[in-house]
Amino acid sequence: MAVVLPVYETFSYSVPAHLSDQARPGMRVLVPFGRRTVTGYLIGPDRQTDSREIKQILDVLDDSPLFPETMIPFFQWIASYYMHPPGLVVNTALPAGLNMTDIAVLTIDENGIQALASSSTGPVEKSILAALSEGPASIKQLQKKIGRPVPWALIHRMRQRKWLLLDRRIEGGRIRPKTIRMVALEKSENFSRRLSRQRRAICDILKAEGDLSVPALKKRIPTAATLVRGMQKAGQVAVYEKTISRDPFGDPIEPDTTPRLTGEQTRAVRQMAPLLGRGFKTVLLAGVTGSGKTEVYLRLTRAAISKKMQVLVLVPEIGLISQTERRFRARFGERVAVLHSGLSRGERYDQWLRIVKEEAAIAIGARSCIFAPFTDVGLIIVDEEHDSSYKQETGLRYNARDLAVVRGRHHKALVILGSATPSVQSWHNVTIGKYDLATLSKRINRQPLPEIRTVDLSLSRDERGIQRYITPQLQKEIRNTLDEGNQALIFLNRRGFSAFPICAHCGQALRCKNCDISLTLHKKANAFRCHYCGFTKAATSACPSCGSEDIKLLGMGTEKVQEAMVQLFPDARVARMDRDTMNRKGAIVRLLKDLKHRRIDILVGTQMVAKGHDFPGITLVGVVCADLTLNFPDFRSGERTFQLLAQVAGRAGRGEHPGKVVLQTFNPDHFTIGAAKNQDFKKFFDQEISFRKALAYPPFSRMVAVRISGKDPQKTAEMAGKIGTNGRRMLANAGPGGSRVKLMGPIEAPLARIANRHRWQLLISSPDVAGLHRLVHELMQGPNSVATGRDIRVSVDVDPFFLM
DNA sequence: AGCACGCCGACT
DNA sequence: GTCGGCGTGCTC
């Protein structure tokens with residue numbers, strides 16, 4: 001049994017006789033744990049280590065398992081690989097809002113009121129009593145009310161003096177199946193006697209149409225609710241509760257007709273379909289933007305369900321239902337369950353139940369859909385496998401793309417990873433023969449890929465701030481596009497962080513000589529610094545490649561670009577799409593509608609616009625400054641830039657008019673820019689992989705990032721230092737076996753402060769996964785591990801994505 | 001996490 | 001001498 005607490009062990013409990021035929025793996029139980037009562041998950045028997053007394057389960061919380069037993073090894077693998085408590089792993093997988101915990105509730109007691117009035121009562125006690133005199137409160141509520149932490153010792157003293165009472169209340173678990181009241185005709189003769197006209201009408205409706213819900217009856221006869229109650233008493237009808245699924249599907253989706261496949265698509269399907277049911281296999285489906293990957297997924301899914309297999313489809317998170325989801329539902333209708341962030345908690349729970357009960361055979365959704373509770377998955381599809389939204393960045397920091405492969409192996413399933421711009425990792429796996437490769441090299445409508453032109457920003461000498469970045473070439477193209485009545489997309493990945501240094505003369509970014517990573521300016525230290533190894537260079541340094549002292553700090557955002565657009569094109573309707581403008585519910589849908597109906601001429605946006613949406617009216621894509629992502633202090637910045645540019649370029653010319661892309665950059669000769677310009681993934685990969693190999697970055701090693709954060713800058717730095725020295729000592733003691741493990745840092749994180757918390761990170765890497773794992777495990781949980789104080793958080797990120 | 005225990009400095 | 005703060009450890 002695994003408790004829903006940050007505890008790494010599992011525990012044994014006995015099942016009392018009256019619950020013994022109910023309790024089964026996959027169910028939740030209520031158990032006494034220490035002095036408390038908490039929820040746990042039955043994940044099979046565990047070895048009991050010592051002779052301690054075994055406690056009894058208090059209750060079984062489910063009638064049927066929430067997940068199949070076959071998923072338990074998967075959960076255990078995750079707990080071990082990501083070094084996360086098993087109970088919290090299961091908790092991350094399950095729909096939110098199910099769990100129960102007991103919490104302490106304080107009430108003012110008989111002596112409390114006098115103590116509140118007495119002058120000898122301490123100030124903290126008084127404020128607690130004052131807060132409680134307004135009514136009972138939990139410890140957390142109390143803390144909020146009086147604005148300071150409440151020590152337990154104090155509560156105990158106050159309890160002993162009978163100033164307050166401590167109760168335990170079980171909270172949570174409020175998500176339940178939704179039920180509806182159904183009305184059925186009684187078979188007895190009770191209603192054969194005379195009936196009122198209204199009652200007669202209800203009987204007739206029920207006789208003709210079978211059982212109906214109360215709301216449905218109300219639509220026919222407005223007073224049905226009262227009538228039914230009377231008829232129930234008279235024994236003419238019976239009322240029962242029926243569980244129903246909350247409807248997460250807004251507009252109904254029309255069934256589609258199956259299109260003809262192109263030759264390439266047919267070949268891809270013929271290559272992959274025979275692999276179904278033949279054991280575990282991973283295939284990378286590399287298909288250019290618009291090449292019809294989705295149709296291939298649909299055919300493979302059809303093949304899988306005709307073999308009675310269950311299918312899992314993962315799509316990137318885009319904040320609303322994706323095009324792919326829509327097409328799966330159009331093709332397979334009722335057999336599809338969806339799991340994405342747009343669902344309410346209740347809807348999500350109902351979709352989950354549909355999968356557990358095997359009412360659905362296909363589950364489609366974002367990242368967390370990898371946990372869909374199928375018993376035996378036969379096919380797993382990961383669309384846009386390179387997408388960073390598959391990586392969860394809080395709590396259990398899993399990568400759903402990687403877990404797809406792991407789950408595929410557990411179920412002996414076929415795993416398809418699809419992308420127009422595959423990750424370096426996946427392509428590497430193809431080159432070493434771990435994955436098969438299937439390709440789609442042409443767009444289905446024979447539309448050519450857009451023509452991409454680069455514009456050298458270092459030749460743009462205008463110094464009037466942002467306007468320097470809207471070059472005459474870009475302006476001219478926008479003007480032409482507007483004059484032709486088409487739409488333009490202006491892309492800038494602003495989610496910028498601190499500005500980074502770049503030579504205004506030759507376009508070289510200032511990089512670390514050890515890590516080939518962009519340096520970051522530290523104003524306080526008046527120096528550029530590497531965030532991997534700590535290498536430092538004076539802030540007054542000249543450009544190492546051309547000697548120019550004209551070092552610019554790049555930093556600007558979409559908001560400024562939008563302003564510039566309004567100024568330059570006063571006749572155009574300009575809109576912006578980024579996290580700042582799109583956080584309100586329904587904002588994206590409204591914007592996409594406006595775009596579709598040509599109520600927007602120029603759309604300025606961040607990478608949000610590069611994802612998944614189909615914009616048929618857009619013929620021009622302008623990339624304001626490709627260098628922003630290229631020079632992040634992160635070894636994957638080149639990979640991300642290539643993917644982003646290729647994806648955003650793929651937005652142009654999806655309709656009947658061919659597309660054009662203007663790509664502005666300080667580095668027109670950089671191989672990443674060159675490869676993106678020619679949409680040449682292989683050329684990019686060949687360069688990138690040699691660079692990764694030389695510096696022993698993934699995929700030639702595995703990485704673990706240990707992140708340390710806290711409010712107090714001094715203490716946080718100290719803790720980071722302590723963990724670092726601890727790790728180095730362990731490495732020294734490990735002998736030759738541990739020598740392949742490399743430890744970098746600790747160093748202040750590129751984003752040195754988020755939400756007032758100071759951040760440090762420690763990077764640990766090794767080509768030997770097991771050795772790396774052993775060291776990190778020992779460092780975090782071993783006997784010499786540094787105890788994590790309460791105000792300093794230490795988190796482990798296995799296979800980190802963003803090293804920021 | 002949530003709770004208890006036990007060790008220390010600063011007060012009656 | 002106790003009170004009350006905080007670091008350390010445990011939960012079948």
Side-chain angles (χ1 to χ4, degrees), chain A residues 1-16 19 23 28-60 79 84-92 96 99-106 119-128 137-144 146 148-161 163-164 166-172 394-396 710-712 715-716 718-719 722 726 780-795:
Chain A
M1 206 260 347
V3 286
V4 191
L5 288 175
V7 171
Y8 289 85
E9 308 97 291
T10 52
F11 297 88
S12 298
Y13 283 85
S14 64
V15 183
L19 294 172
R28 291 170 307 146
V29 288
L30 206 59
V31 293
F33 192 69
R35 269 152 272 263
R36 300 189 299 147
T37 302
V38 295
T39 307
Y41 301 108
L42 295 177
I43 56 167
D46 26 44
R47 284 171 282 124
Q48 197 205 347
T49 43
D50 50 46
S51 54
R52 188 186 285 280
E53 175 212 3
I54 293 187
K55 292 185 183 173
Q56 278 194 341
I57 284 170
L58 299 173
D59 201 1
V60 177
H84 205 70
L88 298 188
V89 168
V90 178
N91 206 40
T92 313
N99 287 325
M100 304 184 172
T101 357
D102 69 341
I103 52 162
V105 178
L106 305 172
S119 57
S120 58
T121 309
V124 184
E125 284 92 332
K126 251 192 181 160
S127 63
I128 292 174
S138 71
I139 299 203
K140 265 198 186 142
Q141 289 168 333
L142 200 61
Q143 261 178 36
K144 216 171 168 187
I146 67 168
R148 79 189 283 294
V150 185
W152 273 98
L154 199 70
I155 290 173
H156 281 299
R157 271 198 309 281
M158 291 173 78
R159 205 150 77 114
Q160 270 162 18
R161 293 180 199 148
W163 287 4
L164 49 81
L166 192 144
D167 256 337
R168 290 195 165 277
R169 194 175 67 212
I170 290 183
E171 280 226 329
T394 53
L396 172 60
K711 289 226 156 103
D712 184 324
K715 279 186 190 159
T716 313
E718 263 168 42
M719 173 66 83
K722 242 196 254 173
N726 227 4
M780 300 312 296
Q781 290 165 48
N784 299 318
S785 63
V786 181
T788 64
R790 289 296 186 258
D791 43 352
I792 293 177
R793 284 202 283 262
V794 180
S795 72

Over how many whole Å does the gap from [X] atom [atom1] to [N] atom [atom2] extend?
| X | N | atom1 | atom2 | value |
| --- | --- | --- | --- | --- |
| A:Ile139 | B:dA4 | CD1 | C1' | 13 Å |
| A:Tyr41 | C:dC12 | OH | C1' | 18 Å |
| A:Arg36 | B:dA1 | CZ | C1' | 5 Å |
| A:Gln781 | C:dC10 | CD | C1' | 15 Å |
| A:Asp712 | C:dG7 | CG | P | 11 Å |
| A:Leu42 | C:dC12 | CG | P | 16 Å |
| A:Phe11 | C:dC10 | CZ | C1' | 8 Å |
| A:Tyr8 | C:dG9 | OH | P | 16 Å |

Considering residues at least two apart in sequence or located in another chain, which fulfil the side-chain contact (heavy atoms from CB on, under 4.5 Å) criterion with [X]?
| X | result |
| --- | --- |
| A:Lys126 | A:Leu116, A:Thr121 |
| A:Gln781 | A:Tyr8, A:Met83, A:His777 |
| A:Lys55 | A:Tyr13, A:Pro32 |
| A:Lys715 | A:Asp712, A:Asp791, A:Ile792 |

* Spacing of A:Ile155 atom CD1 and A:Ile128 atom CD1 [to the nearest 0.5 Å] -> 6.5 Å
* Can you name the residues that form a side-chain hydrogen bond (donor to acceptor under 3.5 Å, both in side chains) with A:Asn726, not counting sequence neighbours? -> A:Arg729
* Per the atom types in the model, does the base of B:dA4 pair as donor or acceptor with the side chain of A:Arg35 at under 3.5 Å? -> no
* Asked: Nearest of C:dC12, B:dA1, B:dC3 to any side-chain atom of A:Ala104?
  -> B:dC3
Would you tabulate the pairs of protein nitrogen or oxygen atoms and nucleotide nitrogen or oxygen atoms of nucleotides 1-4 of chain C closer than 3.5 angstrom?
unit_1	atom_1	unit_2	atom_2	d
C:dG4	OP2	A:Arg157	NE	2.8
C:dG4	OP2	A:Arg157	NH1	3.1
C:dG4	OP2	A:Arg157	NH2	2.6

